[in-house]
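Working notes for the structure below.
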Amino acid sequence: MASTETTGSFVEKKNGKNKAAADTKAPTSKKEGASVYKAEELAAGAEEAFGTTQECVLAALRQDGITECTKEEADKIVKAFRGRKVE
């Protein structure tokens with residue numbers, strides 16, 4: 001019998017979405033000289049930078065699989081996360 005299982009490509013279903021095991025996105029900033037921060041660093045300054053809690057910033061970045069990004073990218077992600085409809 002032929003197996004349809006692919007070795008080495010583990011896929012997990014989470015929140016109705018398929019996620020690959022190595023689910024980390026690289027920073028997408030193309031700006032020269034833009035500082036890239038770790039998610040934990042961005043969360044540490046959450047109230048001053050984004051007007052929200054550390055947990056909110058971490059949840060927003062983790063949902064998108066972001067481990068590092070610029071402050072501007074994080075701001076967009078956090079705003080979208082906070083503005084989404086809860087079902």
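In what follows, residues are counted from 1 in the order of the sequence shown. It should be emphasised that the depicted structure is a prediction, and the values quoted were computed from it without experimental measurement.
- Note that CD of E73 is 11.0 Å distant from CG of D64, once rounded to the nearest 0.5 Å.
- Atom-to-atom distance recorded for S35:OG and E68:CD is 12.0 Å, nearest 0.5 angstrom.
- Shown here are the salt bridge (charged side-chain N to carboxylate O under 4.0 Å, His left out) partners of K71, two or more places apart in sequence or in another chain: there are none.
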Show the atom names and distances, to 0.1 Å, of all donor-acceptor pairs under 3.5 Å that link a side chain in residues 40-56 to residues at least two apart or in another chain.
residue: E41; atom: OE1; partner: K38; partner atom: N; Å: 2.8
residue: T53; atom: OG1; partner: C56; partner atom: N; Å: 3.2

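- Residues V78 and Y37 are members of one and the same hydrophobic cluster, defined by side-chain heavy-atom contacts under 4.5 angstrom among Ile, Leu, Val, Met, Phe, Trp and Tyr.
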Using residues 80-87 as the side-chain source, report each donor-acceptor pair under 3.5 Å to any protein atom, sequence neighbours left out, with the distance given to one decimal.
residue: R84; atom: NH1; partner: Q63; partner atom: OE1; Å: 3.0

